[in-house]
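As structure tokens, the structure follows; a few thoughts come after it.
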There are 2 protein chains.
Amino acid sequence: MAESVERLQQRVQELERELAQERSRRVLGGGDGVGGRARIEKMSPEVVDSNPYSRLMALKRMGIVNDYEKIRTFAVAIVGVGGVGSVTAEMLTRCGIGKNGGLEEGKPVDLVLSCVDNFEARMTINTACNELGQIWMESGVSENAVSGHIQLIIPGESACFACAPPLVVAANIDEKTLKREGVCAASLPTTMGVVAGILVQNVLKFLLNFGTVSFYLGYNAMQDFFPTMSMKPNPQCDDRNCRKQQEEYKKKAAALPKQEVVQEEEKIIHEDNEWGIELVSEVSEEELKNSSGPVPNLPEGITVAYTIPKKQEDSVPEVTVEDSGESLEDLMAKMKNM
Amino acid sequence: MAESVERLQQRVQELERELAQERSRRVLGGGDGVGGRARIEKMSPEVVDSNPYSRLMALKRMGIVNDYEKIRTFAVAIVGVGGVGSVTAEMLTRCGIGKNGGLEEGKPVDLVLSCVDNFEARMTINTACNELGQIWMESGVSENAVSGHIQLIIPGESACFACAPPLVVAANIDEKTLKREGVCAASLPTTMGVVAGILVQNVLKFLLNFGTVSFYLGYNAMQDFFPTMSMKPNPQCDDRNCRKQQEEYKKKAAALPKQEVVQEEEKIIHEDNEWGIELVSEVSEEELKNSSGPVPNLPEGITVAYTIPKKQEDSVPEVTVEDSGESLEDLMAKMKNM
């Protein structure tokens, strides 16, 4: 009997230990039976199981990136962690980013990434970044889930969100079918993945200084069309901090030594076609007409999300009051008699 | 004492139950304390927590896809589950694909996806698909991790892998720095994510019949350039099953009622540029010269991975024997004397 109790007590201890182990494994997210790992302090090019960075470090050996380890020194803030933001956060982590998080008060970051899903949130980020001179990247997916874009905004150097109506990639879809208040928008893991991928790729190119960083890159999933462009800031921008940043950028640019820029424009034309290759047609002119108001001149396949309404001084939101023709004095006299 | 034994026995049972629960939770991949969920039999447009498909079903309401539920009826085989294949499998699952797995003998699938990392594996898939008339999609990422592509191969209708040298997207990188045997190739989660994203998007468009399905879509991450093209099969293809499929396709096409195809080619040119928009330059002519042999006529930014060597009858792999000038009879006589 005593032996039996002892055996049972041992079994209880054994089970408690196993249970604690299982729980810690699950919390650490491992389905592999390994209880997580500590932060790796140095990115090593060594090809061993315990080093997840060898294939990133190979980018140095191949001459793509001069100093890949520098990624550990950068902090990026992601605003909005939905379809695009969650994939973005995961990709940045796997790329070895130093700090990756939301916005915390007073903490400077190298880049702000906007992964929000509405215009008001974008304008809030825009206003804050213009004030701080904070470089940011914006991302967006259309409500029909078949187009998206990324945009780099360097305050004073490229157009901010208040400079011009936001640009979207047209997808030849009837705009009337799009999301209305209270109606669930469509979403595709594929489109989210592509937009997050081109966003984080642009982040890496910007932070690690390789390749061409895109100011605007669109994605039309229906036609596999990816228009790129850049846009100068509007000197008459409504945001006074944007105008201030523009002045500062002009001064900085003027102080730099002058460089001769030689623009090469070459077109390759293949006269014969022995391999029977055909270029697939891309977008039609129709797409540029899919807007509700006057449209600026834009490259093929890019259009505005909407047109900016006429500016109103002290406009009253939602409720408008009819002008009764009474003077301020009349109205004040009325109020006193109430 | 008896009570103590009973209590201990109860505790053992309790712990065993908890441990089994923990283990099943971990196996099901839930870090959320929920023990997975059963397969959902019907894709519903209803917006509730228990239905992960409402935002996919919104594609129907928005007029993008006629019958999204049809995705449940398709089976896709993924060959190679590395950087691209693993993301592809996960995306297809979230998109609601019916069956998603590797190759199982004798089981017909709607599409084979090649996510392998070497030419021999691609040629094996090519040979098998030509024999079976199986439609497949190929994907690839360059060894420097900054370019990739997807390709749709419909046996008899589009070029197979034996019809022409495989195409890659040039990235303006010195080819000499690329992977050699035994050297670890570079890899970027971003490039893998974009390639998997455009692959699965093409799968959805192909299976669910919406948008333009791309026969070839390249990705140059350095310059954010995405060339598209299509390529006809080679009537002199080395693969006799490819030639057989070409004959069958011709017969099928001839039996179809004739359709007038009107090709529209429109270019939009904007004379004034009040918004200060500049088109970002894309690829240079240099890229097409980055090949080791004669290059077919290809669209801007696409080049061949290598050129196909001259065909050798009964070529001896690896070991070559110098011709001694002796006849077969001489050699056989020598062997008898050994």
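In what follows, chains are A, B, ... by sequence order, proteins preceding strands, each numbered from 1.
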Donor-acceptor contact present, side-chain Ser142(B) to main-chain Ser147(B), <3.5 Å: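 Answer holds: yes.
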
Heavy-atom pairs under 4.5 Å with chain B, option from [options] with the top count:
options                                  : answer
Gly211(A), Gly193(A), Ala186(A)          : Ala186(A)
Val200(A), Val12(A), Val203(A), Val87(A) : Val12(A)
Val195(A), Thr191(A), Leu199(A)          : Thr191(A)

CZ-OH distance between Phe226(B) and Tyr219(A), expressed to the nearest 0.5 angstrom: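 The distance works out to 9.0 Å.
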
Atom pair OG/CZ of Ser187(B) and Arg94(A) - distance to nearest 0.5 Å: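 Answer for the OG-CZ pair, Ser187(B) versus Arg94(A), is 8.5 Å.
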
Between Ser214(B) and Asp224(A), a side-chain donor and acceptor under 3.5 Å: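 Yes.
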
Chain B contact via Leu217(A) - which portion, at a heavy-atom distance below 4.5 Å: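 Answer is side chain: those atoms of Leu217(A) sit under 4.5 Å from chain B.
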
Part of Glu90(B) lying under 4.5 Å from any heavy atom of chain A: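 Interface part for Glu90(B): neither.
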
Part of Leu204(B) within contact of chain A (heavy atom distance under 4.5 Å):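 Only the side chain of Leu204(B) comes within 4.5 Å of chain A.
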
Test: Arg11(A) and Glu14(A) ion pair at under 4.0 Å: yes

